There are 2 protein chains.
Amino acid sequence: MKCGQERKNINIEALNERVRKAGMKLTSQRTQILKTLLNHPEPISADEIFKKYDGRSEAMDLVTIYRILKKFEESLIVSRLEFGDGVARFELTLESGHHHHHVICRQCQRVEPIHLCDLEEHIKTVEAMGYKSLSHRLDFFGICSRCQ
Amino acid sequence: MKCGQERKNINIEALNERVRKAGMKLTSQRTQILKTLLNHPEPISADEIFKKYDGRSEAMDLVTIYRILKKFEESLIVSRLEFGDGVARFELTLESGHHHHHVICRQCQRVEPIHLCDLEEHIKTVEAMGYKSLSHRLDFFGICSRCQ
DNA sequence: CTTTTTGCAAATCTTTTGCAGGCGA
DNA sequence: TCGCCTGCAAAAGATTTGCAAAAAG
């Protein structure tokens, strides 16, 4: 499995299509969440999405957001990430198995993607241990240049 | 930073000593938790530790366990791990910066350590992005041989 | 028109906090 | 003795569940 490509040509139409293909109905809430994920530069939490619309006419229930994100995750449309602060964050899953890793600033909590992944060695080792259907997660934690 | 060594010669005396050195009082609860971590083959959650003693004469409060684990984490005696199921797990921190990574079975949730870590390339890349004080986490998720 | 989805209320689960009494050094 | 620790009760924060009404196809 290779990874590293920057996401390209992802638009709201294509995402809506993936929702339909997954057998889900396309509601305004679902499209709104997809648009939010598309425009947000880094992984976002359910509550952050909620606050973006809270009070506005497009407001939606936090529960709805959790439910939609869970369904999207099951259909591999989004990926759930956890960085150790007790809050799950979500980002759009890239096409065809491509994925990336993250650098998290311990000070400002900002998350930056790293488009580099060469873990062939590691993967072979784990397969030799008897594991199948492998996926992985690699995250770096540090202090970003802005916070130093 | 190199990593890969199996833990050796860790005993309860040495651990008690680390607690004292960190300026903490040595209580029976703290020693009990250290012994539990020492004997448990894989990362364990606060609740699992609680259940090990619940009902017995050595029973301790869940809150106490959380508080002790947090203090131990601050003193780098234990490491907190999260694998995405909403529960934090803990394991003893190995000496002198050595650490290891994990393979988690998606079926039975068992966690196995991998004593392999060659991420020099990756670390250089992230440093080039301007980050300092880097640490990292690398986990593999798959189906173990027993569960296939 | 049928099935899925949403909103609201309430529950659940993990982890944290406040406070008074207890214990280690 | 003195201050750190523990236990109990309660709170807090994230996420889930039940159910009736609303919307999608």
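Every value quoted in this text rests on a predicted model; they were computed, and no experiment measured them. By convention in this document, chain letters (A, B, ...) are assigned in the order of the sequence lines, proteins followed by strands, and residues within each chain are numbered from 1.
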TODO: Could you state the atom-to-atom distance from CZ of B/F50 to C1' of C/dC13 in whole Å?
DONE: 14 Å

Open item on the list: Quick one, B/I49 and B/F90 - any side-chain contact, counting heavy atoms below 4.5 Å?
Closed with: no

Open item on the list: Using a 4.0 Å heavy-atom cut-off to protein, can you give one letter per nucleotide of nucleotides 3-12 of chain D, 5' to 3': B if the base is in contact, S if only the sugar-phosphate is, - if neither?
Closed with: BSSBBBB---

- [ ] For residues B/I114 and B/L138, determine if any side-chain heavy atom of one lies less than 4.5 Å from a side-chain heavy atom of the other.
- [x] no

Task: Student check: side-chain heavy atoms of A/R110 and A/C147 closer than 4.5 Å - done: no

- [ ] Look at B/K70 and C/dT15 and indicate whether a side-chain polar atom (N or O) is within less than 4.0 Å of OP1 or OP2.
- [x] no

Open item on the list: By the definition ring pair (Phe, Tyr, Trp, His ring centres under 6.0 Å), identify the one residue from A/H101, A/H100, A/H122 that meets it with A/H136.
Closed with: A/H101

- [ ] Would you kindly give the CG-to-P distance between A/D85 and C/dT14, to the nearest whole Å?
- [x] 18 Å

- [ ] Whole angstrom is fine here: how far is it from CD in A/Q32 over to C1' in C/dT6?
- [x] 13 Å

TODO: Report which part of the nucleic acid A/A46 touches: base, sugar-phosphate, or nothing (heavy-atom distance under 4.0 Å, all strands).
DONE: nothing

Open item on the list: Below 30° counts as parallel, above 60° as perpendicular, anything between as tilted: where do the rings of B/F141 and B/F83 land?
Closed with: perpendicular

Open item on the list: Quick check on C/dT16: is either OP1 or OP2 less than 4.0 Å from any side-chain nitrogen or oxygen of B/Y66?
Closed with: no

Task: A/A88 to A/R80 - nearest heavy-atom pair and separation - done: CB-NE, 3.7 Å

- [ ] Calculate the interatomic distance between A/E58 atom CD and C/dT6 atom P; express it in whole Å.
- [x] 16 Å

Open item on the list: Expressed as a whole number of angstroms, how long is the span from A/I49:CD1 to D/dT15:C1'?
Closed with: 14 Å

